[in-house]
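Step one of this worksheet: look at the structure below.
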Amino acid sequence: MLTILFDGIAYGMLLFMLAVGLSVTMGLMNFINLAHGAFAMVGGYLTVVLMQRLEVPFLLCLPIAFAGTALLGAVLERTLYRHMYKKPHLDQVLFSIGLAFMSVASVDYLMGSQQQIMQLPDWLRGRTELWDGALGMGHYRLFIIAVCAALTVGLQYVLAKTRFGSRLRASVDDARVAAGLGIRVNLIFAATFAVGSGLAGLGGALGAEVLGLDPTFPLKFMVYFLIVVAVGGTSSITGPLWAALLLGIADVAGKYYMPKLGSFIVYSLMIAILIWRPQGLFVRKGGR
């Protein structure tokens, strides 16, 4: 049972890393980006290509995956996304899901439809057994937990304690007044979108070995990203983190104890939570 809990926490931290960029764009920028999973897929394929074809070390692939998808996000934000910020949410949904389908078709054409295999370094393989086998900790899952925990602390600090975070909140609350005070709102939004895309790419690089990687990745996990954001709320980073952990533990435990039900347990839990708290588990008073 401790092993299931550990694997569930690792899975939840990975989901949080994949979904936190969507939480930022929805909660702070008020933009619904259903193509968020496409950036995660790009990060995963970038890592696989660098490792398999160019023999780049795994640890070096992770910052490259972040930087590459962040750059892609910045370019798309400047050329496509910024025109949709003031559009109705239905227009945003149709636009972004169209991009998701285009990314699926493009990757299928360029890379093929087969599942990608990522060979981890030797030091990330294997498990460590504690307490006479009561707790089995996979080395790679332990690595995922450590990386995601460090990034979560860093992201929370940037949003809450830095000048960039305060300027971002001001730009969201009233872009016109913020621009009048000298804040470059367009640049703030572009940087925020790029970082959110980069985090998705990093999550895709970390999750390629655990979740699998093929061209349908953006569509396969789109619902999971939305569940994390909907259940956790979009007014803070803490909410999606706890929602992702809850989702990860419930999913792993459900598939182990009741495999025939599949994802039924996760969806049932989501429905129950949203009936109880429609705005999400963690919403500040007065939060949007």
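Quick caveat, the model's predicted, so the values are computed rather than measured.
- Of all heavy-atom pairs between V20 and L155, the closest is CG2-CD2, 3.5 Å.
- Closest approach of L213 and G44 over heavy atoms only: CD2-C, 3.4 Å.
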Checklist entry - What's the verdict on side-chain contact (heavy atoms from CB on, under 4.5 Å) for V177 and I183, showing C-alpha distance, side-chain angles and the deciding distance? => result CA-CA 9 Å; V177 173; I183 297 175; over 6 Å; no
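- In the hydrophobic clustering of ILVMFWY residues, with side-chain heavy atoms under 4.5 Å counting as a link, M17 and V223 come out together.
- The list of salt bridge (charged side-chain N to carboxylate O under 4.0 Å, His left out) pairs with a residue in residues 237-250, not counting sequence neighbours, is empty.
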Checklist entry - How far apart are the C-alpha atoms of N186 and R78, what are their side-chain angles, what is the distance that settles it, and do they pass the side-chain contact (heavy atoms from CB on, under 4.5 Å) test? => result CA-CA 9 Å; N186 290 336; R78 289 289 81 191; 3.9 Å; yes
Next on the checklist: Let's go through D214 and Q114 carefully: what are the C-alpha distance in whole Å and the side-chain angles of both, what is the deciding distance for side-chain contact (heavy atoms from CB on, under 4.5 Å) to 0.1 Å, and is it a yes or a no?
Outcome noted: CA-CA 6 Å; D214 60 64; Q114 68 274 13; over 6 Å; no
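- Ring planes of F39 and F193: perpendicular class, angle over 60° (limits at 30 and 60°).
- Atom CH2 in W242 sits 11.5 Å away from atom CZ in F16 (nearest 0.5 Å).
- Looking at heavy atoms from C-beta onward, V104 lies in side-chain contact with P218 at the 4.5 angstrom threshold.
- Here the shortest heavy-atom pairing between A100 and L34 reads CB-O, 4.1 Å.
- Of all the heavy atoms in R141 and A10, the pair that sits closest is CB-CB, 3.7 Å.
- Contact annotation: the side chain of L206 approaches that of L14 to within less than 4.5 Å [non-hydrogen atoms, C-beta and beyond].
- Applying the salt bridge (charged side-chain N to carboxylate O under 4.0 Å, His left out) test to every pair with at least one member in residues 52-76, sequence neighbours left out, gives no pairs at all.
- Remark: the Y85 side chain and the E77 side chain contain an N/O donor-acceptor pair separated by less than 3.5 Å.
- Y267 and V252 fall within the same hydrophobic cluster, defined by Ile, Leu, Val, Met, Phe, Trp and Tyr side-chain heavy atoms under 4.5 Å apart, directly or through other members.
- The side-chain heavy atoms of I188 and R167, taken from C-beta on, include a pair separated by under 4.5 Å.
- By the 6.0 Å contact criterion, CZ on F164 is enclosed, its count of non-hydrogen atoms from other residues, nucleotides or ligands being greater than 12.
- At a threshold of 4.5 Å between non-hydrogen side-chain atoms, the residues L168 and F189 count as touching.
- Q116 places no side-chain N or O within 3.5 Å of a backbone atom of Y45 that could act as its donor or acceptor partner.
- Here the closest non-hydrogen pair linking A35 and S96 is CB-O, 3.2 Å.
- Between W123 and F143, the ring planes lie perpendicular to each other; the angle is over 60°, past the 30° to 60° tilted range.
- Atom OH of Y157 has 12 or fewer neighbouring heavy atoms from other residues, nucleotides or ligands inside a 6.0 Å radius.
- The number of heavy atoms from other shown groups lying within 6.0 Å of CZ (R125) is above 12.
- The two atoms that bring L18 and A200 nearest to each other are CD2-O, 3.8 Å, heavy atoms only.
- Counting heavy atoms from C-beta on, the side chains of L247 and V231 never come closer than 4.5 Å.
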